[in-house]
Amino acid sequence: MSPVESQAIAPRTDARIRTRFTELAGIEHPIVQGGMQWVGTAEMAAAVSNAGGLGMLTALTQPTPDALRREIARCRTMTDKPFGVNLTILPSISPPPYAQYRQAIIDEGISIVETAGYKPQEHVDAFKAHGIKVVHKCTAVRHAMSAQKMGVDAISIDGFECAGHPGEDDIPGLILIPAAADKVTIPMIASGGFGDGRGLVAALALGAEGINMGTRFCATQEAPIHENIKQAMVNADERSTALIFRTYRNSARVAKNAITQQVLAAEAQGVPFEAVAHLVKGARGKEGLDNGDPDHGIWTAGLVQGLIHDIPTCQELIDRIMADAVTIMNGRLAGFLTR
């Protein structure tokens with residue numbers, strides 16, 4: 001091998017990956033922390049942002065809009081880097097005061113928001129009117145195109161591998177990401193199944209300009225959940241999730257445990273949602289995250305559990321992902337090229 005060839009495939013540890021999304025968000029690395037109920041607190045968001053990614057507070061984790069204002073202020077005491085807020089809009093008999101949460105985000109001067117869920121147009125319009133960049137998270141190309149027409153600044157496309165609600169189309173990221181990239185013209189980040197440098201490189205190759213990680217960030221030292229839950233993720237593999245609520249047309253990917261088995265058995269019998277509501281209520285899930293009992297309630301987790309083998313700091317995790325991605329791009333992939 002000639003010196004020139006050797007230099008061509010040698011890893012560059014000082015390299016940086018710049019994309020339209022890093023420029024849009026003003027961040028160092030194309031890695032976003034997903035908006036996660038009960039997990040997206042100031043400790044989590046600040047740790048990700050300080051490591052060069054985009055941390056994300058979860059608005060509805062806070063019990064009131066005023067509590068969200070205080071959490072935003074608290075996060076600013078922990079980081080001087082950009083961070084955002086997730087606002088997920090879901091249909092409900094007794095919906096939260098979404099407009100008041102939205103106003104708290106606007107009043108506190110947040111520069112970037114992740115929206116998700118049901119009919120976000122009202123919120124998108126209000127955020128854009130105040131110069132706030134909007135990233136809309138969706139699970140289908142048609143939804144991504146609708147969001148682009150609404151005027152959002154970026155798309156987060158969520159494949160079937162994801163934790164939480166993957167939609168009802170069951171399209172994995174290997175197809176969904178490039179299918180969306182063929183049609184979406186604004187910056188797009190890929191969600192669902194990402195946890196290491198290999199995933200970041202794959203996402204970039206498929207047409208995304210960054211990755212969104214939820215489950216992987218749950219298994220970090222700063223994540224505000226019990227160590228037993230984090231260790232359960234380390235011990236799990238890619239088969240350790242369950243899809244519940246399929247019969248209710250509201251599919252959710254969660255960690256496989258005693259509760260999910262009860263829910264699946266009930267669904268198989270055709271029972272209405274009301275019969276399992278006491279098993280799956282959010283407060284019960286939070287109790288499990290806090291007390292460390294993996295079987296206490298349902299908690300969201302993605303297939304990426306199969307790639308989680310340790311519990312690093314956010315800084316260690318992001319540094320590792322970026323170093324591995326650069327090594328792959330400048331080393332292994334470059335080595336496939338012939339002259």
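Nothing fancy with the numbering, it's 1 onward along the sequence.
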What distance do [X] atom [atom1] and [Y] atom [atom2] have between them, rounded to the nearest 0.5 Å?
X: Thr115; Y: Gln121; atom1: OG1; atom2: CD; answer: 10.0 Å
X: Ile225; Y: Met233; atom1: CD1; atom2: CE; answer: 4.5 Å
X: Ser49; Y: Glu28; atom1: OG; atom2: CD; answer: 11.5 Å
X: Cys162; Y: Asn212; atom1: SG; atom2: CG; answer: 10.0 Å
X: Ile157; Y: Ile177; atom1: CD1; atom2: CD1; answer: 8.5 Å
X: Thr58; Y: Glu71; atom1: OG1; atom2: CD; answer: 9.5 Å

Apart from Leu279 itself, what residues make up its hydrophobic cluster when side-chain heavy atoms of I, L, V, M, F, W and Y under 4.5 Å apart count as a link, directly or indirectly? Ile244, Phe245, Tyr248, Val254, Ile259, Val263, Leu264, Val271, Phe273, Val276, Val280, Ile298

Starting from Val135 and following side-chain heavy-atom contacts under 4.5 Å between hydrophobic residues (I, L, V, M, F, W, Y), which residues can be reached? Phe21, Leu24, Ile27, Val32, Leu54, Met56, Ile112, Ile189

Arg198, CZ: over 12 other non-hydrogen atoms inside 6.0 angstrom: no

Locate the shortest heavy-atom distance separating [X] from [Y]; write the atom from each residue and the value.
X: Leu60; Y: Thr88; answer: CD1-O, 3.4 Å
X: Leu200; Y: Phe194; answer: N-CD2, 4.5 Å
X: Ala223; Y: Met44; answer: CA-SD, 3.8 Å
X: Thr220; Y: Lys230; answer: O-NZ, 2.8 Å
X: Pro312; Y: Leu317; answer: CG-CB, 3.9 Å
X: Cys75; Y: Ala45; answer: SG-CB, 4.1 Å

For residues [X] and [Y], determine if any side-chain heavy atom of one lies less than 4.5 Å from a side-chain heavy atom of the other.
X: Asp107; Y: Arg69; result: yes
X: Glu108; Y: Val85; result: no
X: Pro224; Y: Val39; result: yes
X: Val234; Y: Asp310; result: no
X: Gln261; Y: Lys256; result: yes
X: Pro120; Y: Val134; result: no

Closer than 4.0 angstrom, basic N to acidic O: yes or no for [X] and [Y]?
X: Lys128; Y: Asp153; answer: yes
X: Arg20; Y: Glu23; answer: no
X: Lys286; Y: Asp290; answer: yes
X: Asp170; Y: Arg246; answer: yes
X: Asp295; Y: Arg284; answer: no
X: Arg74; Y: Glu43; answer: yes

Quick check: does any side chain N or O of [X] sit under 3.5 Å from a backbone N or O of [Y], one acting as donor and the other as acceptor?
X: Thr22; Y: Thr19; answer: yes
X: Glu168; Y: Ser251; answer: yes
X: Gln148; Y: Val184; answer: no
X: His130; Y: Ile132; answer: no
X: Glu287; Y: Gly297; answer: no
X: Trp299; Y: Pro294; answer: yes

The single option from Ile229, Asn257, Asn291, Leu289 that satisfies side-chain contact (heavy atoms from CB on, under 4.5 Å) with His296 is Asn291

The single option from Leu68, Ile89, Ile106 passing side-chain contact (heavy atoms from CB on, under 4.5 Å) against Tyr101: Leu68

Are [X] and [Y] connected in the hydrophobic side-chain network, where two residues link if heavy atoms are under 4.5 Å apart?
X: Met150; Y: Met188; result: yes
X: Leu307; Y: Ile31; result: no
X: Met213; Y: Ile311; result: no
X: Met36; Y: Val113; result: yes
X: Leu303; Y: Ile175; result: no

Not counting sequence neighbours, list each pair that qualifies as a salt bridge (charged side-chain N to carboxylate O under 4.0 Å, His left out) and has a residue in residues 129-146. Lys137-Asp158, Arg142-Asp169

Derivation and outcome, side-chain contact (heavy atoms from CB on, under 4.5 Å), residues Phe160 and Thr139: CA-CA 8 Å; Phe160 186 56; Thr139 61; over 6 Å; no

Take Phe127 and Val152, measure what side-chain contact (heavy atoms from CB on, under 4.5 Å) needs, and give me the verdict at the end. CA-CA 10 Å; Phe127 288 134; Val152 305; over 6 Å; no

Does a donor on one side chain and an acceptor on the other come within less than 3.5 Å for Thr313 and Gln221? no

Run the side chain to side chain donor-acceptor pair (under 3.5 Å) check on Thr327 and Asp324 step by step: do they pass? CA-CA 5 Å; Thr327 296; Asp324 287 350; 5.4 Å; no

Going through the distances and angles, do Val48 and Glu222 end up as a side-chain contact (heavy atoms from CB on, under 4.5 Å)? CA-CA 9 Å; Val48 173; Glu222 294 92 345; over 6 Å; no

Can you spot which of Thr241, Thr215, Thr300, Thr260 makes a side-chain hydrogen bond (donor to acceptor under 3.5 Å, both in side chains) with Arg253? Thr241

Carefully, step by step, assess Ile155 and Ile186 under the rule side-chain contact (heavy atoms from CB on, under 4.5 Å). CA-CA 7 Å; Ile155 295 294; Ile186 58 179; 3.9 Å; yes

